[in-house]
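Heads up, the thing below is written out as structure tokens.
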There are 2 protein chains.
Amino acid sequence: MRDKQHLFKEFGIRATKQRLLVLDLLMEEQMPISVEQIFLKVKAQDESINLSTVYRILSTFTEKGIALKSLLGESSVAYYELNRMVHKHHLICLSCHKIMNINHCPLENYEKELQRTTAFEVVSHKLEIYGYCPECKSKH
Amino acid sequence: MRDKQHLFKEFGIRATKQRLLVLDLLMEEQMPISVEQIFLKVKAQDESINLSTVYRILSTFTEKGIALKSLLGESSVAYYELNRMVHKHHLICLSCHKIMNINHCPLENYEKELQRTTAFEVVSHKLEIYGYCPECKSKH
DNA sequence: GTTAGTGCAAAATCTTTGCATATTT
DNA sequence: AAATATGCAAAGATTTTGCACTAAC
């Protein structure tokens, strides 16, 4: 508990019960999770928490670099995950919408090449791979 | 004009004035464009067109594979572009939000490898690269 | 003439904001 | 005590839908 308090202090934000709940949840989750899901899971721990608080917390976390925001698939709802400072990507199943991690990033060398050939200064990239997970594949 | 009529017929949808306007616009545009921008540009040609019609047309085009939908950056508004059947990606400038095309895709071999190592059947991927374009880079 | 598509208005969904109250420092 | 964060309710923004009317086939 002490270390989380400290983490918040480092980022210059107050250690509230609600922020601790959201942080704990993100630490448990291994995958990006939607705001709705975050809200429901946190609400199970603290009935009184409000959706707008969750939005504000996630937006603060994203600004501070504690969390990462992304938009997966065509769904237009925001997903968040803890910023583990490890560069990774996801495999997303088009059938069951399961998300799997890929730890290796195939783009490191490519970005350097791109930088040379286009004079564009590459800062980051977003890569998601879509397909069918082993279980769904066998159902087809 | 004849060929566009024919295109719509092939897809089993009617060749309406509104669809022709949206298709023409997407053919002119070299980059993904937001629904709002599409609506305004089309409205300049036909004052009476309605935003919901544009949404419906874009959604039909996407279902039929005539257009591609994507969400760029963190912005949560949908962008559309003509499906030119050429696999490509975009460079997006974090400063001026300009979008540039990359024609080469660095992931073809990687996808095959991934398929072997994860048993996930890869269908497609989404890759966008963020950074600073040459003009903005020199301003910093 | 029938079917599909459009315009309009209203609803639905997701996200943000103003303000009084409560909590943290 | 002062500053910050929360809850609630209301508003914003984006997208979708029901329905009567219109255009395409």
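Just so we're on the same page: letters track the sequence lines, and every chain starts at 1. Hydrogens, waters and symmetry mates play no part in the numbers below; they use all other heavy atoms, side chains included. Keep in mind the model is a prediction, meaning the values are calculated, not measured.
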**Gap between atoms CG and P, on A:N50 and C:dC14 respectively (whole Å)** = 16 Å

**Item:** side-chain N/O B:S48 vs C:dG7 OP1/OP2, d < 4.0 Å
**Value:** yes

**Request:** Return the value, rounded to whole Å, for the distance between atom CG of B:L23 and atom P of C:dG5.
**Result:** 15 Å

**Value in whole Å for how far the P atom of C:dA22 lies from NZ of A:K17** = 13 Å

**Message:** At less than 3.5 Å, do the side-chain atoms of B:R14 and the base atoms of C:dT3 form a donor-acceptor pair?
**Reply:** yes

**Asked** Given atom CZ of B:F39 and atom C1' of D:dT15, what is their separation to the nearest angstrom?
**Response** 13 Å

**Item:** Inter- and intrachain pairs under salt bridge (charged side-chain N to carboxylate O under 4.0 Å, His left out), touching residues 105-132 of chain A, at least two apart
**Value:** A:K126-B:E128, A:E128-B:K126

**Asked** Does A:H90 use its side chain to pair, donor to acceptor, with the backbone of A:I99 at less than 3.5 Å?
**Response** no

**Item:** Donor-acceptor contact present, side-chain B:N50 to main-chain B:S52, <3.5 Å
**Value:** yes

**Item:** Rounded distance in Å - OH (B:Y55) to C1' (C:dC8)
**Value:** 16 Å

**Request:** Using atom CD of A:E63 as one end and atom P of C:dT15 as the other, report the distance to the nearest whole Å.
**Result:** 16 Å

**Message:** From CZ of B:R56 over to C1' of D:dT22, roughly how many Å is that when rounded to an integer?
**Reply:** 13 Å

**Prompt:** Start at the 5' end of DNA chain D and walk down; is the nucleotide closest to A:I49 or to B:S52 reached first?
**Reply:** A:I49

**Prompt:** Are A:K41 and A:E28 within salt-bridge range, i.e. N to O under 4.0 Å?
**Reply:** no

**Asked** What is the distance from CD1 of A:I13 to P of D:dA5, rounded to the nearest Å?
**Response** 7 Å

**Message:** Considering every strand and a 4.0 Å limit on heavy-atom distances, what is the contact class for A:I57: base, sugar-phosphate, or nothing?
**Reply:** sugar-phosphate

**Asked** Are the side chain of B:R84 and the backbone of B:M27 linked by a donor-acceptor contact shorter than 3.5 Å?
**Response** yes

**Message:** Does D:dA23 have its OP1 or OP2 closer than 4.0 Å to a side-chain nitrogen or oxygen of B:T16?
**Reply:** no

**Prompt:** If you check every side-chain atom of B:V77, which of D:dT14, D:dA9, D:dC25 has the closest atom?
**Reply:** D:dT14

**Side-chain N or O of B:Q18 closer than 4.0 Å to phosphate OP1/OP2 of D:dA23** = no

